[in-house]
Chemist: 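Okay, handing you the structure first.
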Amino acid sequence: MKNQPYTSFEEVDRDLRILQLRRQIAQEEIKGNLGDFRKRFEPSSIFTGLGEGVVKRFMISWILGFLLRKFRR
């Protein structure tokens with residue numbers, strides 16, 4: 001924060017509290033970014049461009065079947 005020596009414990013406590021709050025803010029930002037990332041890569045959101053209904057369900061089931069066959073070997 002600053003490169004000058006502290007003259008009181010209140011200054012140290014204040015700076016430690018500021019750093020703790022900044023850390024908490026950064027952690028909450030990471031949680032929010034992780035939630036956004038997860039939503040983007042859900043199977044339902046990946047296939048939104050394919051349209052609704054039968055085509056979408058067919059593609060999802062085909063991909064899941066393909067992956068299951070790959071991992072069974």
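This structure is a prediction, so every number in the text was calculated from the model and none was measured.
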Chemist: Under the side chain to side chain contact (heavy atoms under 4.5 Å, CB included) rule, collect the residues that match up with Gln20, sequence neighbours excluded.
Modeler: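 Partners of Gln20 by the side chain to side chain contact (heavy atoms under 4.5 Å, CB included) criterion, ordered by chain and then number, come out as Arg17, Gln24.
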Chemist: Sequence neighbours left out, what pairs pass ring-ring contact (aromatic ring centres under 6.0 Å, His included) with at least one residue falling in residues 8-31?
Modeler: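 Not a single pair qualifies under ring-ring contact (aromatic ring centres under 6.0 Å, His included).
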Chemist: Report the C-alpha distance between Arg14 and Glu11 in whole Å, list the side-chain angles of each, state the deciding distance to 0.1 Å, and finish with yes or no for salt bridge (charged side-chain N to carboxylate O under 4.0 Å, His left out).
Modeler: CA-CA 5 Å; Arg14 185 194 66 221; Glu11 291 177 4; 5.7 Å; no
Chemist: Measure centre to centre between the rings of Trp62 and Phe58, then say whether the value is under 6.0 Å.
Modeler: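 Between Trp62 and Phe58, the centre distance exceeds or equals 6.0 Å.
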Chemist: Applying ring-ring contact (aromatic ring centres under 6.0 Å, His included), which residue pairs with at least one partner in residues 15-35 are found, sequence neighbours left out?
Modeler: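 Applying ring-ring contact (aromatic ring centres under 6.0 Å, His included) to every pair that reaches into residues 15-35, excluding sequence neighbours, yields nothing.
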Chemist: Between Arg23 and Leu19, is any pair of side-chain heavy atoms under 4.5 Å apart?
Modeler: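 The answer is no; the side chains never approach within 4.5 Å.
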